[in-house]
Amino acid sequence: MKFEVIGGKNCFGEIEVSGSKNNALKILAASLLFKNPIIIENVPQIEDVFRMNELLKDLGVNIFFKNKNTFVLDSSKVKNFKLSFEIAKRLRASIALAGPLLGRFNQVVFPYPGGCIIGKRPVDIFLGSWKKMGANVSEKNDIFSLKAKKIKGVNIVFRLPSVTATETVIMTAVLGYGKTIIWNPAREPEVLALIDFLNASGAKIFGAGTSKIEIIGTNGKLLEFKKPFKIIPDRIEAGSFLILGAALANYLKIKNCNPDHLMNVIGILEDIGVSIKIGKNFLEVKKPKKLLACNIKTSEYPGFPTDLQAPFVVLMTQAYGQSMVFETIYDGRLNYVEDLNRMNAKITMCDPHRVIINGPTKLRSREIESPDLRAGLAFVLATLIAKGKSLIYNIYQIDRGYEKIEEKLQKIGLNIRRIE
Ligand code: EPU
């Protein structure tokens with residue numbers, strides 16, 4: 001499947017944001033911590049969620065759909081603690097399942113997780129934490145087997161604030177014996193949302209959003225689900241629409257988002273000349289007469305999100321002057337710029353982490369392949385800016401994280417269609 005994009009047109013109208021991919025994947029994993037069925041609303045219909053469902057079903061979780069975005073998950077009969085290697089290898093977030101499985105069964109078997117091709121993605125922080133908590137870890141041919149007598153509460157210091165490691169270790173510690181402390185945890189809104197969900201179900205987790213999280217284990221007792229949880233709006237999808245609006249909108253209203261989660265992006269867009277109206281759960285944006293260049297650096301929340309780095313680089317090809325973008329989270333997340341240069345962008349790679357963009361340039365349409373999810377979305381934006389017809393291949397990558405993106409963009413007057 002591919003996208004055909006006819007670019008060079010502005011957009012106008014309203015666009016809806018779906019539930020957050022990275023919150024949904026972790027809440028789905030958390031279903032394994034419960035003795036009764038859980039209900040989750042606002043789950044996005046995206047390929048990564050489908051893969052996670054397949055993994056959960058394979059473990060023995062029963063999944064029902066109340067409607068297309070409301071899932072009921074019943075883990076009460078699960079006995080299996082071995083992840084399907086085939087599926088888990090396709091999804092980095094599969095490692096999040098190892099956390100609750102280890103907490104529940106004191107053992108788990110999983111493969112080295114897959115995911116985007118955006119650089120080395122080690123799992124040392126996960127393994128180091130589990131070892132401290134009492135697990136014996138063995139590894140053969142990229143398959144990890146962990147076994148513990150019981151999961152004990154310990155003091156863990158993270159070398160860096162990994163998002164999924166924070167969430168996964170919390171999901172192990174929550175069923176453990178005693179108190180676990182995580183120093184230097186991640187503070188992303190998705191982490192806070194997972195903690196809210198667990199605390200609403202009887203867990204005792206303190207310090208979310210600070211530099212120290214404390215988890216009081218249940219001494220092996222599973223959690224009890226009480227009320228439906230609504231997945232938070234996807235701040236990366238909303239941020240992608242904001243950037244698209246800054247490049248192409250005569251007027252764009254972005255609905256169902258949480259502007260508080262996007263202040264890092266809003267502030268920078270305002271600095272470069274974009275006017276944004278901030279509502280309670282919406283944003284309005286218009287393309288300015290002149291976009292200014294700027295320097296940004298990606299960092300952990302509340303810094304500028306690495307997941308918006310690629311669309312932002314595309315935007316900077318339209319800005320007046322020289323911009324520098326410094327990617328600090330991943331080693332291989334700027335490789336896509338070569339393809340933008342083939343579209344007539346003027347981007348110089350200084351080193352694997354830094355690029356300089358000279359703008360503005362008239363982007364040219366072309367045939368292009370999505371290397372990963374976020375660069376794929378950046379290519380959608382670039383081809384929408386470029387006059388003429390482009391084709392984007394490998395759109396599975398885009399479907400991994402954006403729900404029917406072409407339908408959303410068609411509704412605001414953009415010319416993009418899916419070709420089988
Ligand atoms: N890291 C290690 N060792 C570990 C864990 C992480 O060195 O044991 C490193 C990573 O290699 C990376 C840095 O720590 O250089 C930060 O990675 P983090 O662990 O925070 O990322 P993640 O949890 O694997 C999540 C999102 C990513 C998003 C990052 C950063 C999910 C499923 N994925 O990944 O989302 O880029 O946080 O915010 O939650 C995406 O949606 O396209 C995506 C890649």
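Start at 1 and go down the list; that is how both ligands and their atoms are numbered.
Within the 4.0 Å heavy-atom shell around ligand 1 one finds Arg333.
The heavy atom nearest to atom 34 (O) of ligand 1, considering only Arg121, Lys26, Arg92, is found in Arg121. Counting heavy atoms only, Thr164 comes closest to atom 23 (O) of ligand 1 of the residues Asp331, Leu308, Thr164. Here the shortest heavy-atom distance to atom 41 (O) of ligand 1, taken over Arg374, Glu300, Glu237, belongs to Arg374. Nearest to atom 10 (C) of ligand 1 by heavy atom, out of Pro122, Ser162, Ser299, is Pro122. Of the options Asp48, Val191, Ile125, the smallest heavy-atom separation from atom 8 (O) of ligand 1 is shown by Ile125. The heavy atom nearest to atom 2 (C) of ligand 1, considering only Glu188, Arg159, Gln309, is found in Arg159.
When only interatomic distances are considered, the shortest N/O to N/O separation between Asp307 and ligand 1 falls below 3.5 Å. The shortest N or O to N or O distance between Leu160 and ligand 1 is not below 3.5 Å. Polar contact with ligand 1: absent for Ala165 (N/O pair, distance under 3.5 Å).
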Apply salt bridge (charged side-chain N to carboxylate O under 4.0 Å, His left out) to residues Glu4 and Arg417 and explain how you reach the verdict. CA-CA 5 Å; Glu4 180 191 86; Arg417 66 188 183 104; 3.1 Å; yes
Would Lys57 and Glu54 satisfy salt bridge (charged side-chain N to carboxylate O under 4.0 Å, His left out), going step by step from the backbone distance to the final call? CA-CA 5 Å; Lys57 279 188 191 155; Glu54 288 164 14; over 6 Å; no
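Taking the charged nitrogens against the carboxylate oxygens, Glu327 and Arg333 have no contact shorter than 4.0 Å, which rules out a salt bridge.
If you look at Lys21 next to ligand 1, the close heavy atoms, those under 4.0 Å, all belong to the side chain.
More than 12 heavy-atom neighbours from other residues, nucleotides or ligands sit within 6.0 angstrom of NZ on Lys132. Annotation: Glu86, atom CD; neighbour count of heavy atoms from other residues, nucleotides and ligands within 6.0 Å does not exceed 12. No more than 12 heavy-atom neighbours from other residues, nucleotides or ligands sit within 6.0 angstrom of NZ on Lys411.
Put simply, the residue from Phe229, Phe64, Phe65 that forms a ring pair (Phe, Tyr, Trp, His ring centres under 6.0 Å) with Phe71 is Phe65.
Aromatic ring orientation, Phe144 versus Tyr112: tilted (interplanar angle from 30° to 60°).
Checked against ring-ring contact (aromatic ring centres under 6.0 Å, His included), Phe34 has the following partners two or more places apart in sequence or in another chain: Phe197.
Below 4.0 Å from some heavy atom of Phe126 lie the following atoms of ligand 1, by number and element: 5 (C), 8 (O). Atoms of ligand 1 found under 4.0 Å from any heavy atom of Thr306 (numbered from 1 in listed order, with element): 30 (C), 36 (O). When each atom of ligand 1 is checked for a heavy atom of Leu373 under 4.0 Å away, the hits are 42 (O).
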